[in-house]
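Notes follow once the structure below has been shown.
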Amino acid sequence: MTPDPAAGSSYARIYAVVARIPRGRVATYGQVAGLAGIPGGARQVGYALAALRAGHRLPWHRVVNAAGAISLRDPGAAEEQRFRLEKEGIGLGAAGKVDLRLDRWDGEM
DNA sequence: ATCCTGACTGTTC
DNA sequence: AGAACAGCCAGGA
């Protein structure tokens, strides 16, 4: 039974949540998973984002891991994400980590 | 239908 | 504080 008939696939829900992340704010994979209706599906979020193709308009760069750091496998993409975050006013610490206490999206607009 | 892989997370040593 | 282990879900071959 589909828990959410409005969604064609889990990816759609994940993308929808990511698209809802306000500019200048970040969310963790687990957080996005929870909002997407997939608690514990943090991996799924990352997997869904990894499946993104060129031409998408999702602020994927606003999604970081529980440590507030970029968890991308591709160092090039990670660098780009960091650049985009700084561009939005999200300062990354010397360790390249976001201060979730301040920039974490509360799940609301 | 089965197996493998993967942008993760929380707990424990 | 850093590293290791197990649990978790979904899609592709």
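- As a whole-Å value, the separation of A/Ile14 CD1 from C/dC9 P is 13 Å.
- Linking Ile, Leu, Val, Met, Phe, Trp and Tyr residues whenever their side-chain heavy atoms come within less than 4.5 Å places A/Leu58 and A/Ile70 in a single cluster.
- Applying the under-4.5 Å side-chain rule to Ile, Leu, Val, Met, Phe, Trp and Tyr, the cluster around A/Leu102 consists of that residue alone.
- Taking atom CD1 on A/Ile38 and atom P on B/dC8, their separation rounds to 15 Å, with Å as the unit.
- Nearest heavy-atom pair across A/Thr28 and A/Val63 is C-CG1, 4.4 Å.
- Clustering ILVMFWY residues whenever any of their side-chain heavy atoms sit less than 4.5 angstrom apart, transitively, puts A/Ile21 in the very cluster that holds A/Tyr47.
- Put simply, CG on A/Leu100 is 15 Å from P on B/dC8, counting in whole angstrom units.
- Counting non-hydrogen atoms of other residues, nucleotides and ligands closer than 6.0 Å to CD of A/Glu86 gives a total above 12.
- Checked by atom type, the side-chain pair A/Gln81/A/Arg62 shows no donor-acceptor distance below 3.5 Å.
- With DNA chain C read from its 5' end, the first of the two nearest nucleotides for A/Gly40 and A/Tyr11 is the one closest to A/Gly40.
- The stretch residues 42-52 of chain A touches DNA chain C through A/Arg43, A/Gln44, A/Tyr47, each having a heavy atom within less than 4.0 Å of the strand.
- Atom CG of A/Asp74 and atom P of B/dG6 are 14 Å apart (whole Å).
- Atom P of nucleotide B/dG6 and atom OH of A/Tyr29 are separated by 15 Å, given to the nearest angstrom.
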